[in-house]
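All remarks here apply to the structure that follows.
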Amino acid sequence: MQTLSTIGELQAAADAARVAGKHIALVPTMGALHKGHISLIERARSMADVVVTSIFVNPAQFGPQEDFEKYPRDLVRDSAQAQAAGTDILFTPDVAVMYPRGFQTYIDNNRLATILEGLERPGHFRGVATVVTKLLNAAKPHIAVFGQKDAQQAALVRMLARDLNIDVEIVVAPIVREPDGLALSSRNVYLSPEQRKNAVALHRSLEKAAEMVRAGERSLDVLRDTMRAVIEGGNPTKIDYIAFVHPETFEPMSEVDPRGTLVVVTVRFGDTRLLDNEILRNT
Ligand code: PAF
């Protein structure tokens, strides 16, 4: 595995791979790699000749009160894990490389970036869209792999590639869960042992909703009330939202579409926000 840290080096490596007829896959991450990220790298490995994994904790996607400073960072461990999972090029730029003095061009999205997570975290998706665009321009991949765990981010990236004519296939890989159902997240390390145990309520609420839809329930109010009760059983600090949307466009739904309705939940345990989601179907 090669480790590169400037845009020029990565673009040169990408150009060389393309000239040699190789397919490039990019897995953008913020490090603190866990099995969820590993599954994305393995997916990339199975689809391309050259796998680029980027590790960059992107200041532009954190709000002023958020955890940018304390976000977990361990490059030595991450490098070993990225290599073991099949990375060919590890891209580890620093902030001055990604946002040099005088940087002033951002990518915005008018609808997707301003609902749900975008409402809770103003400016977050502007930061995500900007850094993802920059990473795509640096790695020049044929494929870029994102996790379904951050469903709204995945939808936003798809929209971005489509709207800006970026010639890349966006692949979205399934959520990886702990044995008790908690979706893997770099932020799970912030949970106290008690909160960690209770956090399983998120997945339980999604499973309950999925089961009710399979049994014929179509009312979003009934599903939301049931999910709320299940989550409250885990004694959370706050339920930020439980939303039912179209899986790709994130348009709000007025009742369950049995062909596929995405339910997204965001819950706080102390200062830690946990996200989870599931596509509800009638089968
Ligand atoms: O999902 C993440 O880790 C980040 O939002 C991403 C896509 C790497 C952009 O910084």
Side-chain angles (χ1 to χ4, degrees), residues 5 7 10 25-41 43-44 51-63 66-75 77-79 81-82 85 87 89-95 97-99 103 106-109 112-113 116-118 120-139 141 143-161 164 166 168-176 183-190 250 264 266 272-277:
S5 55
I7 310 277
L10 183 56
L26 171 68
V27 183
T29 81
M30 297 205 301
L33 301 184
H34 51 63
K35 283 186 234 140
H37 298 109
I38 301 305
S39 77
L40 304 183
I41 300 172
R43 178 70 173 270
V51 174
V52 180
T53 301
S54 63
I55 296 186
F56 178 62
V57 184
N58 173 32
Q61 70 188 73
F62 288 79
E66 293 184 0
D67 56 346
F68 174 67
E69 295 298 339
K70 76 164 189 169
Y71 196 82
R73 292 167 171 87
D74 186 346
L75 195 53
R77 188 174 165 276
D78 284 347
S79 269
Q81 296 226 42
T87 300
I89 299 176
L90 188 69
F91 182 53
T92 59
D94 63 24
V95 173
V97 163
M98 293 300 277
Y99 299 106
F103 182 91
Y106 289 85
I107 303 288
D108 243 319
N109 171 298
L112 251 175
L116 304 175
E117 278 306 280
E120 298 286 332
R121 303 181 67 187
H124 170 69
F125 285 125
R126 180 182 195 244
V128 170
T130 302
V131 83
V132 168
T133 305
K134 287 173 66 65
L135 291 167
L136 293 172
N137 286 333
I143 298 161
V145 187
F146 293 82
Q148 174 63 17
K149 160 76 179 16
D150 293 307
Q152 193 173 350
Q153 168 173 282
L156 178 103
V157 169
R158 275 211 170 109
M159 197 75 75
L160 156 85
L164 301 181
I166 302 180
V168 65
E169 181 192 346
I170 304 299
V171 171
V172 180
I175 298 176
V176 179
L184 295 192
S185 161
S186 304
R187 293 193 167 98
N188 291 350
V189 297
Y190 300 151
F250 267 67
V264 283
T266 306
T272 309
R273 293 181 78 240
L274 299 181
L275 277 71
D276 206 341
N277 67 81

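Order of listing sets the numbers, starting from 1, for every ligand and every atom in it. One is the number of the first residue; the rest follow in order along the sequence. We use all heavy atoms of the structure for the numbers below, so side chains are in, but hydrogens, waters and symmetry mates are not.
Taking only nitrogen or oxygen atoms, main chain and side chain alike, Gln153 reaches within less than 3.5 Å of ligand 1.
Neither the backbone nor the side chain of Val157 comes within 4.0 Å of ligand 1, counting heavy atoms alone.
Side-chain contact check for Thr266 versus Glu120: every heavy-atom pair is 4.5 Å or farther apart. Side-chain atoms of Phe56 and Pro28, non-hydrogen and from C-beta on, never get closer than 4.5 Å to each other.
Here the rule is side chain to side chain contact (heavy atoms under 4.5 Å, CB included) with Arg73, and of Asp78, Val57, Ile55 only Val57 fits it.
Going from atom CG of Leu116 over to atom CG of Leu275 covers 10.0 Å, rounded to the nearest 0.5 Å.
For ligand 1 and Val131, the ligand atoms under 4.0 Å from any heavy atom of the residue are 9 (C), 10 (O). Annotation for ligand 1: atoms under 4.0 Å from non-hydrogen atoms of Thr29 are 8 (C). Those atoms of ligand 1 with a heavy atom of Pro28 less than 4.0 angstrom away are 8 (C).
When Lys149, His37, Met98, Gln61 are ranked by how near their heavy atoms come to atom 4 (C) of ligand 1, first place goes to Gln61.
Atom 3 (O) of ligand 1 has as its closest protein heavy atom Met30 CG, 3.6 Å.
Here Phe103 pairs with Tyr99, Tyr106 under the ring-ring contact (aromatic ring centres under 6.0 Å, His included) rule; sequence neighbours left out.
Using a 4.0 Å cut-off between a side-chain N of Lys or Arg and a carboxylate O of Asp or Glu, Glu117 and Arg273 qualify as a salt bridge.
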